[in-house]
Amino acid sequence: MRWLFAFLTVLVALAIPGCGPKDAPPPRNLPPPTPSTTVGPGDVFEVFVMGEQNLPKEFRVQPDGSINFPYLEKVIVAGKEPQEIAEFIKGRLKEEKILQNPQVSVIIKAYNSKKITVLGQVAKPGSLGFVEGMKLVEAISLSGGFTALADGRHVILTRNVSGSKTVTAIISVEAITDGAQADIPLQAGDTIKVESKVF
């Protein structure tokens, strides 16, 4: 009986390392993503001024954070929310006596300034354009997926939480794809590093 007990003990010990990481709970230290809708260089948006059909509508934010708006020339928009841009343009149009009571709206077409970075053992490491609602598995898929050397149970996610402060969490993507854990929502500026397997 002793040999049987010892044999069963060894089997349990071997089984635990194999299934443990897959059943790992989601990281508790990772704060939820913070939505960011401010514009930056490279972003594209449309400006609609009611009753002014001949004005250009689409603008791309220049490297210095500005756009060239008719009658106003250079307008600094980087760091502003869409509604702030609309109010700023409205105020400038009134201030310059171009329109008496302009109605201005701004619609974002592409947030090209917002990126996430995927490094390590993926087919196409580098930066990806971020869109609200993007999750970890999607980001890895857009980076070409794991390489043969990737450790899908040891993916490091680093997130900026305030100023220069960052939080790092280790996530098992295998647990996510196996349905044992929920996918992780991302935020602009996140860095994902896929570690290599240890042989």
Side-chain angles (χ1 to χ4, degrees), residues 30-120 122-145 155 157-167 182-194:
L30 188 68
T34 303
S36 175
T37 54
T38 57
V39 305
D43 291 349
V44 179
F45 59 84
E46 291 181 329
V47 179
F48 296 92
V49 181
M50 186 177 294
E52 301 297 321
Q53 303 299 325
N54 294 327
L55 290 178
K57 292 181 174 58
E58 186 171 293
F59 299 88
R60 179 180 294 271
V61 184
Q62 301 303 308
D64 65 354
S66 72
I67 61 170
N68 289 317
F69 196 82
Y71 309 117
L72 304 178
E73 298 183 353
K74 182 177 287 191
V75 175
I76 301 298
V77 296
K80 291 183 169 63
E81 301 279 348
Q83 185 58 36
E84 290 179 302
I85 297 171
E87 290 297 325
F88 186 75
I89 291 174
K90 176 181 177 179
R92 287 286 307 279
L93 289 171
K94 290 175 68 176
E95 180 183 318
E96 300 293 333
K97 295 182 171 47
I98 296 165
L99 294 172
Q100 288 187 342
N101 188 29
Q103 302 300 309
V104 182
S105 60
V106 171
I107 298 175
I108 303 296
K109 293 191 68 177
Y111 275 118
N112 297 318
S113 65
K114 300 187 186 305
K115 306 283 186 182
I116 60 170
T117 304
V118 185
L119 305 172
V122 290
K124 297 182 292 184
S127 295
L128 296 173
F130 174 78
V131 292
E132 291 294 335
M134 182 180 285
K135 295 184 178 181
L136 180 59
V137 172
E138 179 186 0
I140 291 172
S141 177
L142 290 171
S143 298
V155 175
L157 175 60
T158 302
R159 173 168 297 168
N160 188 290
V161 289
S162 63
S164 59
K165 183 181 177 182
T166 60
V167 170
D183 203 349
I184 306 295
L186 301 176
Q187 77 175 36
D190 280 353
T191 298
I192 301 160
K193 184 180 180 184
V194 181

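Just so we're clear, the structure is a prediction, and the values are computed from it rather than from any experiment.
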S.K.: For Lys57 and Gln53, work out which heavy atoms get closest and say how close.
M.R.: NZ-O, 3.3 Å
S.K.: Roughly how far, to the nearest 0.5 Å, is the NZ atom of Lys135 from the CD1 atom of Ile140?
M.R.: 14.0 Å
S.K.: Within this structure, what is the CG-OG1 distance for the pair Leu30 and Thr158, rounded to the nearest 0.5 Å?
M.R.: 9.5 Å
S.K.: Considering only heavy atoms from C-beta outward, does the side chain of Ile108 approach that of Thr37 to under 4.5 Å?
M.R.: no
S.K.: What heavy-atom pair brings Val39 and Val77 nearest, and what distance separates the two atoms?
M.R.: CG2-O, 3.2 Å
S.K.: Atom NZ of Lys115 and atom CG of Asp190: how far apart are they, to the nearest 0.5 Å?
M.R.: 14.5 Å
S.K.: Roughly how far, to the nearest 0.5 Å, is the CG atom of Leu136 from the CD1 atom of Ile192?
M.R.: 5.0 Å
S.K.: Using the rule side-chain contact (heavy atoms from CB on, under 4.5 Å), only one of Ser143, Pro125, Ser127 pairs with Thr117; which is it?
M.R.: Ser127
S.K.: Any side-chain heavy atom of Gln187 sitting closer than 4.5 Å to one from Ser36?
M.R.: no
S.K.: Can you tell me if CD on Glu96 sees more than 12 non-hydrogen neighbours from other groups inside 6.0 Å?
M.R.: yes
S.K.: Does atom NZ of Lys193 have more than 12 heavy-atom neighbours from other groups under 6.0 Å away?
M.R.: no
S.K.: Provide the closest heavy-atom pair for Glu58 versus Val44 in the form atom of the first, atom of the second, distance.
M.R.: CG-CG1, 3.6 Å
S.K.: To the nearest 0.5 Å, how far apart are CE in Met50 and CD in Glu52?
M.R.: 11.0 Å
S.K.: For the residue pair Lys114 and Thr38, establish whether any side-chain heavy-atom pair is separated by less than 4.5 Å.
M.R.: yes
S.K.: Determine all donor-acceptor pairs shorter than 3.5 Å in which one atom belongs to a side chain in residues 66-75; sequence neighbours excluded.
M.R.:
{"from": "Ser66", "atom 1": "OG", "to": "Asp64", "atom 2": "OD1", "distance (Å)": "2.7"}
{"from": "Ser66", "atom 1": "OG", "to": "Asp64", "atom 2": "OD2", "distance (Å)": "3.4"}
{"from": "Lys74", "atom 1": "NZ", "to": "Asp64", "atom 2": "OD2", "distance (Å)": "3.0"}

S.K.: Which of these passes side-chain contact (heavy atoms from CB on, under 4.5 Å) with Lys90: Leu99, Val49, Val104?
M.R.: Val104
S.K.: Which atom pair, heavy atoms only, marks the closest approach of Met134 to Gly129?
M.R.: CE-O, 3.4 Å
S.K.: Within the structure provided, determine whether Pro31 and Val167 are in side-chain contact (heavy-atom separation under 4.5 Å).
M.R.: yes
S.K.: Could you measure the distance from the CG atom of Leu142 to the CG atom of Leu128? Nearest 0.5 Å is fine.
M.R.: 5.5 Å
S.K.: Quick one: do Glu132 and Phe130 satisfy side-chain contact (heavy atoms from CB on, under 4.5 Å)? Show the steps, please.
M.R.: CA-CA 7 Å; Glu132 291 294 335; Phe130 174 78; 3.7 Å; yes
S.K.: For the backbone of Ile107 and the side chain of Glu46, can you confirm whether one donor and one acceptor N or O come within less than 3.5 Å of each other?
M.R.: no
S.K.: So which heavy atom on Arg159 is nearest to which on Pro32, and how close?
M.R.: NH1-C, 3.7 Å
S.K.: Can you check side-chain contact (heavy atoms from CB on, under 4.5 Å) on Leu55 and Val47, steps first, answer last?
M.R.: CA-CA 9 Å; Leu55 290 178; Val47 179; over 6 Å; no
S.K.: Quick check: does any side chain N or O of Asp43 sit under 3.5 Å from a backbone N or O of Asn112, one acting as donor and the other as acceptor?
M.R.: yes
S.K.: Heavy atoms only: give me the nearest Glu81-Glu84 pair and the separation to one decimal.
M.R.: N-OE1, 2.7 Å
